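No experiment lies behind these values; they were computed from the predicted model shown. Heavy atoms only: backbone and side chains are in, while hydrogens, waters and symmetry mates are out. The sequence lines fix the lettering, A, B, ..., with proteins before strands; numbering per chain opens at 1.
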Amino acid sequence: MIEFNNVSLTYPNGHQGLNDVNIQINDGEFVVIVGLSGAGKSTFIRSINRMVTPTEGELKVDEENILPLQGKKLRSLRTKVGMIFQHYNLVKRSTVMKNVIAGRLGHTGTVRSLLQLFDKEDRALAYTNLKRVNIAEKVHARADQLSGGQQQRVSIARVLTQEPRVVLADEPVASLDPPTSHQVMQYLKRINKEDKITTIVNLHFIDMAMEYADRIIGMRGGEVVFDGPVSEVSEKTFEDIYGRKIKEEDKVGGDEHD
Amino acid sequence: MTDSHVLQADNAPGLRAGNMKWKLTGLFTMIAILYAASFLYTGSSLADLWNGLPTIAAMFAQLFPPNWGYAGEAWLYLSETFHMAIIATTAAAVVCIPVSLMASSNIMQEQRVLYHLTKQVMNILRTIPDLLLAVIFVGIFGIGAFSGILALVIFSLGILAKLLAETVEAIDPEPLDAVRASGGSTLQVIWYAVIPQILPQYTSFSLYVFEINVRASLVLGFVGAGGIGQLLQRSISFMDYDRTMMIILIIFLAVVLIEYISGKIREAVL
């Protein structure tokens with residue numbers, strides 16, 4: 001379980017990233033965070049694996065306050081909380097396999113990993129995960145030879161290989177076209193259901209949020225302005241969250257049958 | 001368009017602001033004075049060039065024909081130069097990896113002191129000319145290839161670390177975030193996200209520095225730091241100009257060959 005208690009984050013330049021956030025996310029939930037850019041979605045998500053550090057309050061992951069963590073304990077938190085990025089963040093010159101096996105780094109000793117001595121089980125796990133996202137045939141291709149959608153699938157395989165309890169996805173489909181976006185969201189949804197991985201996704205497309213979320217959290221100006229199951233959400237809710245009328249560009253279009 | 005937008009031809013602006021012309025004139029006058037002063041101060045003139053022509057002709061007459069029989073011995077020294085460059089380049093290429101990482105602001109985000117320290121030490125190191133390094137090491141370790149190798153290591157480390165640190169600072173930071181976010185330690189981030197991104201440039205720079213080292217070691221030989229340069233210096237001071245010409249020919253051939261091969265390899269990796 002993830003618990004935000006009075007969490008605030010002020011950046012060194014004075015910008016308020018998060019403002020007194022109180023929220024609980026239960027194990028196995030599929031939560032979508034919506035809000036305009038600059039609303040604090042990214043800061044919210046990156047606080048959970050401490051890629052940014054809130055300046056006030058208490059943030060608990062599995063009953064442990066993660067804000068003071070450092071060094072080995074911080075790395076162990078990040079092993080448990082995986083992340084998917086908007087730009088996939090693969091090492092483009094490395095092979096798909098090397099990118100995916102990098103998910104095991106948190107579980108592997110430094111010396112062994114520098115010598116690239118991964119257990120047979122680890123390599124098997126990496127390959128299985130590539131199969132799960134249907135890209136196993138590219139195992140030895142270089143990452144820069146893949147399309148955007150393929151690269152994002154590889155990054156999902158990488159995060160699965162780390163065997164996390166939580167997956168954070170920061171705008172995972174913002175650089176993809178509508179059909180590919182749906183495909184990526186479906187993979188995320190599937191691993192959430194099959195592996196019971198708590199999944200928190202930042203999106204700014206409202207139709208996509210409605211389609212895949214169990215629960216929606218709306219943010220504006222660093223504050224949580226809406227929190228509820230998707231059944232309670234209507235276009236009016238989004239207008240409240242965004243603080244303006246909904247426009248055509250707030251929707252990705254397409255649907256999962258494309 | 002309203003009338004206020006139409007300019008009178010009299011008021012049309014020149015290509016530069018008015019006072020710019022005077023500034024440029026002043027600047028060029030100063031440069032001309034500087035040239036004149038340099039000639040006066042050093043007591044050199046174009047006439048010296050003209051007067052030296054006969055000596056040049058005499059020297060060329062002595063250089064030819066080259067002493068072909070001397071090629072064997074020259075090759076031996078050339079291979080010493082070659083080995084010096086190999087050892088020095090390899091040593092510098094190994095040491096420059098940690099050094100360049102320590103001199104990269106994006107890797108050393110939290111260890112600012114170490115970053116500035118490394119950067120400053122490397123800056124100071126680069127200001128020492130290779131010839132001076134050779135003189136110092138010959139003074140410490142005596143005449144021979146070892147002193148030359150040490151001088152080359154320090155000299156090429158300065159270049160290599162600078163080039164590589166700039167490459168590291170220009171890499172895509174996003175994969176580093178990904179490895180960090182999956183629980184990777186700093187060393188793992190470097191090994192899995194930094195090194196693969198700089199590997200082609202690293203190979204290319206190392207070969208380039210090897211080329212520089214071959215050429216630099218020729219000059220270092222003049223102060224007793226081993227290699228074919230030492231042989232060249234000896235033949236000049238004994239006025240064995242036919243041997244000198246043979247050595248020059250061999251050096252020329254070797255340098256052209258090495259640069260050609262390394263150039264081809266660098267094209268292939270980049």
Side-chain angles (χ1 to χ4, degrees), chain A residues 45-46 48-52 70-95 98-116 118 142-144 151 154-155 158-164 167-170, chain B residues 93-102 104-112 114 163-164 166-207 265-270:
Chain A
I45 249 186
R46 283 165 187 259
I48 303 171
N49 65 351
R50 283 281 311 282
M51 294 303 275
V52 296
Q70 282 188 338
K72 216 179 166 71
K73 285 191 166 166
L74 178 58
R75 294 207 298 276
S76 133
L77 165 79
R78 288 172 177 172
T79 313
K80 193 161 66 178
V81 182
M83 190 161 200
I84 291 169
F85 301 83
Q86 177 180 353
H87 299 116
Y88 339 123
N89 294 20
L90 303 180
V91 180
K92 303 219 164 37
R93 297 186 56 87
S94 293
T95 62
K98 194 171 173 194
N99 271 293
V100 175
I101 203 83
R104 289 314 287 172
L105 289 176
H107 298 273
T108 311
T110 298
V111 176
R112 283 173 58 88
S113 67
L114 296 195
L115 298 172
Q116 305 201 10
F118 291 95
R142 256 170 59 157
D144 54 10
Q151 289 194 39
V154 171
S155 96
R158 173 174 65 189
V159 89
L160 283 175
T161 304
Q162 127 180 26
E163 297 187 301
V167 165
L168 312 171
D170 194 4
Chain B
V94 171
V95 179
C96 89
I97 293 181
V99 172
S100 59
L101 289 169
M102 286 192 290
S104 303
S105 54
N106 53 346
I107 306 293
M108 295 280 122
Q109 270 164 4
E110 272 133 50
Q111 303 89 338
R112 302 305 294 178
L114 185 61
L163 289 173
L164 204 59
E166 278 173 3
T167 311
V168 172
E169 286 181 337
I171 59 173
D172 175 8
E174 294 188 323
L176 281 64
D177 269 352
V179 176
R180 218 174 274 137
S182 67
S185 61
T186 305
L187 271 180
Q188 289 173 329
V189 170
I190 290 170
W191 200 250
Y192 280 83
V194 178
I195 300 288
Q197 292 196 60
I198 61 169
L199 212 50
Q201 285 88 344
Y202 173 68
T203 317
S204 167
F205 294 153
S206 300
L207 283 167
I265 299 178
R266 288 199 280 132
E267 259 173 42
V269 293
L270 277 185

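- If you measure heavy-atom distances from A/Leu114 to chain B, the contacts under 4.5 Å come from both the backbone and the side chain.
- Nearest heavy-atom pair across B/Gly184 and B/Val189 is O-CG2, 4.2 Å.
- Looking only at side-chain heavy atoms (C-beta outward), A/Phe118 and A/Leu105 come within less than 4.5 Å of each other.
- Pairing each heavy atom of B/Ile97 with each of B/Ala93, the nearest pair is CG1-O, 3.6 Å.
- Residue pairs meeting the salt bridge (charged side-chain N to carboxylate O under 4.0 Å, His left out) criterion with at least one partner in residues 183-201 of chain B, sequence neighbours excluded, do not occur; the list is empty.
- At a 4.5 Å heavy-atom cutoff, A/Val159 makes no contact with chain B through either its backbone or its side chain.
- Shown here are the salt bridge (Lys or Arg N to Asp or Glu O under 4.0 Å) partners of B/Glu169, two or more places apart in sequence or in another chain: there are none.
- Listed by first and then second residue, the salt bridge (charged side-chain N to carboxylate O under 4.0 Å, His left out) pairs involving residues 190-201 of chain B amount to none (not counting sequence neighbours).
- A pairwise comparison of heavy atoms in A/Ile48 and A/Leu77 identifies O-CD2, 3.9 Å as the closest pair.
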Any donor-acceptor pairs between chain A and chain B, under 3.5 Å? If so, list them.
unit_1   : atom_1 : unit_2   : atom_2 : d
B/Glu174 : O      : A/Asn89  : ND2    : 2.8
B/Glu174 : OE2    : A/His87  : ND1    : 3.0
B/Gln188 : NE2    : A/Leu105 : O      : 3.2
B/Gln188 : NE2    : A/Thr108 : O      : 3.2
B/Gln188 : NE2    : A/Ser113 : OG     : 2.9
B/Trp191 : NE1    : A/Leu114 : O      : 3.0
B/Tyr192 : OH     : A/Ser113 : O      : 2.7

